[in-house]
Amino acid sequence: HSAAVIDAIFGTGLDREVKGLAADVIGLINTCRRKVIALDIPSGVNGNTGAVMGAAIQADYTVTFGLPKTGNMLYPGCGLCGKLFVTHISFPPALYIQADPRVETNGNLPLPPRPAEAYKGLMGDVLFIAGAANYFGAPYFSAMSFLKAGGGYARLAAPKSVVPFIAQEGKEIVYLPQKETVAGSIALKNKKNLMAAAEAADMVVIGPGLSLQEETARLVQELICCTEKPLLIDGDGITALAAADLSLLRKRRFATILTPHLGEMARLTGKTIPEISADKIKILQETAGALNAIIVLKGAHSLIGLPAGNVYVNLSGNSGMATAGSGDVLTGCIAAMFGLGLNPEAATRKGVFLHGYAGDLTAAEKGADGMTAKDILEFLPLALKNDRDGIIGADYFAPPVI
């Protein structure tokens, strides 16, 4: 006969499977059709990883104390919190105000002002090395999203047979047709010309839709060694890197950004996907430090790991973005933020946020089901406009404090 249920069965230190009477009670609460308010974290959620420990409360609201717990922010635990609030209660401010927390939400970074006398070269000149036979979308979405997110000059080096098809849609892109392998991927013999093109660019993006062809993978590995510019490696570029000596990255003098999904992260680390999922933050910190790279571990609430050990949890985005080409749009967003003037770390954080926010605008307009990468791409200018106008809700950057 109650109006609500207050859940305070287990706290954030739970480290064992929930069984027996406790699991039965959790099951009853989840089927009682009353509003459920969880204290600190829904019972049954691991406070360090967000994993469900056998059985867990599905809350309508969660009030967490001091600061959000990692388990409040990462899925599946995040999805069980309902609306999340933070209260500092009587904690001394020194406990929740730190100059350099190791793990925090991806806060609101201001966009650099766009100069009145801007010209395309000033807004970023980026070389995209991408595409192969049967992979027309990845190079298009990466280069075009760079332009849609405010970048100035997108040069796309792609196999010569692929370029005419992409150019029908992407007329604003500058094309550098490349000699091909028998399989229709970019040939190793293009290395000298690609190095010259990289010298003229502000950043190099390598990987979207390149294919896993052996000769092209070798080209990627050699370009990583030789490119003296900030480098963003995505998709097939990460797979080629994972098959090489990873010390290649540690020797680089310029920033390296990697954007793996869980499968690609498994290739980079030699760990299984379940092992990574069980402790994403720790493994991300270790890998970013070991490779001296900025790493975006893509997924629900993507994580951005820096070489120094800082990790940022991004709160924008939705499940509709789990669609082919979405990661290529992210690649272009990050490159655009660098082109606008942010340093590589800030550009990565801002690009990840705007990509997710454009996906949220898409979902609000069209729904999450059936969302495509092209839809996300088309909402990028509005995402930037709303950001500059300061109308994005504060909940996107941190849970509300009560």
Side-chain angles (χ1 to χ4, degrees), residues 106 109 111-112 120-130 139 142-143 145-147 149-157 173-174 176 191 193-208 210 219-238 240-241 244 246-260 264 268 287-298 302 304-308 310 312 327-355:
N106 190 19
L109 299 172
L111 285 166
K120 60 188 177 184
L122 185 65
M123 309 315 294
D125 186 336
V126 173
L127 171 65
F128 294 83
I129 303 173
S142 57
S145 62
F146 167 77
L147 298 174
Y153 208 88
R155 305 174 193 267
L156 174 56
I173 301 168
V174 176
L176 306 176
K191 178 183 173 181
N193 290 337
L194 288 172
M195 289 301 304
E199 280 299 310
D202 299 319
M203 172 182 270
V204 177
V205 172
I206 187 165
L210 271 181
L219 172 66
V220 170
Q221 294 159 4
E222 295 191 13
L223 289 174
I224 290 171
C225 292
C226 302
T227 300
E228 295 288 295
K229 291 291 173 74
L231 183 62
L232 195 165
I233 309 173
D234 179 46
D236 294 334
I238 293 176
L241 171 66
L246 292 177
S247 65
L248 295 175
L249 297 187
R250 291 192 291 272
K251 297 174 182 177
R252 283 182 41 80
R253 296 189 301 116
F254 293 83
T256 305
I257 304 167
L258 308 176
T259 57
E264 291 162 344
L268 283 173
T287 308
L291 300 182
N292 190 32
I294 303 163
I295 301 179
V296 180
L297 182 54
K298 297 185 289 193
S302 293
I304 303 121
L306 306 185
N310 300 73
Y312 297 90
D328 303 308
V329 176
L330 170 62
T331 295
C333 285
I334 295 172
M337 294 304 103
F338 181 78
L340 291 181
L342 293 174
N343 65 48
E345 293 181 358
T348 303
R349 290 177 55 193
K350 192 67 177 182
V352 171
F353 171 76
L354 285 172
H355 173 252

Quiz item: How far apart are the closest heavy atoms of Ala336 and Gly150, and which atoms are they?
Solution: CB-N, 4.5 Å
Practice problem: Given side-chain contact (heavy atoms from CB on, under 4.5 Å), test Leu176 with Asn193 step by step and report yes or no. | Solution: CA-CA 10 Å; Leu176 306 176; Asn193 290 337; over 6 Å; no
Quiz item: What's the shortest heavy-atom distance between Ala130 and Pro208, and which atoms?
Solution: CB-O, 3.0 Å
Practice problem: Please round to the nearest 0.5 Å and tell me the distance separating atom CG of Leu258 and atom OG1 of Thr287. | Solution: 10.0 Å
Quiz prompt | Exercise: identify the closest heavy-atom pair between Met123 and Phe146 | solution = O-CZ, 4.3 Å
Self-check item: CG-CD1 distance between Leu232 and Ile334, expressed to the nearest 0.5 angstrom
Solution: 5.5 Å
Self-check item: Nearest-0.5 Å distance that lies between atom CG in Leu241 and atom CG in Leu291
Solution: 7.5 Å
Practice problem: Check the pair Cys225 / Glu222 against side-chain contact (heavy atoms from CB on, under 4.5 Å), numbers first and verdict last. | Solution: CA-CA 5 Å; Cys225 292; Glu222 295 191 13; 5.7 Å; no
Exercise. Kindly indicate whether the side chain of Ser145, heavy atoms from C-beta on, has any atom under 4.5 Å from the side chain of Thr331.
Key: no
Practice problem: Give a yes or no on whether the backbone of Ala255 and the side-chain of Arg252 come within a donor-acceptor separation of less than 3.5 Å. | Solution: yes
Quiz item: Is the shortest distance from a Lys or Arg side-chain nitrogen in Asp125 or Lys229 to a carboxylate oxygen in the other one below 4.0 Å?
Solution: no
Quiz item: From Thr227 OG1 over to Glu199 CD, what is the distance, rounded to the nearest 0.5 angstrom?
Solution: 8.5 Å
Practice problem: Might you point out which heavy atoms bring Met337 and Gly351 nearest each other, and give the distance in Å? | Solution: CG-N, 3.6 Å
Self-check item: Ile257 vs Glu345 side-chain heavy atoms within contact, under 4.5 Å
Solution: no
Quiz item: Can you tell if the side chain of Pro344 reaches within under 4.5 Å of the side chain of Ile294, non-hydrogen atoms only?
Solution: yes
Quiz prompt | Any His355 side-chain heavy atom under 4.5 Å of Ser302 side chain | solution = no
Quiz prompt | Lys298 side chain to Thr259 backbone, donor-acceptor under 3.5 Å | solution = yes
Quiz item: What are the two closest heavy atoms between Val205 and Ala335, and how far apart are they?
Solution: CG2-CB, 4.2 Å
Quiz item: Side chain of Glu228, backbone of Phe254: donor and acceptor closer than 3.5 Å?
Solution: no
Practice problem: State which residues pass ring pair (Phe, Tyr, Trp, His ring centres under 6.0 Å) with Phe353; sequence neighbours excluded, sorted by chain then number. | Solution: Tyr357, Tyr396, Phe397
Quiz item: Once you round to the nearest 0.5 Å, how far does CD1 of Ile224 lie from OG1 of Thr256?
Solution: 8.0 Å
Quiz item: To the nearest 0.5 Å, how far apart are CG in Leu342 and CG in Leu340?
Solution: 7.0 Å
Self-check item: Where Asp202 and Phe338 come nearest, the two heavy atoms and their spacing
Solution: O-CE2, 3.5 Å
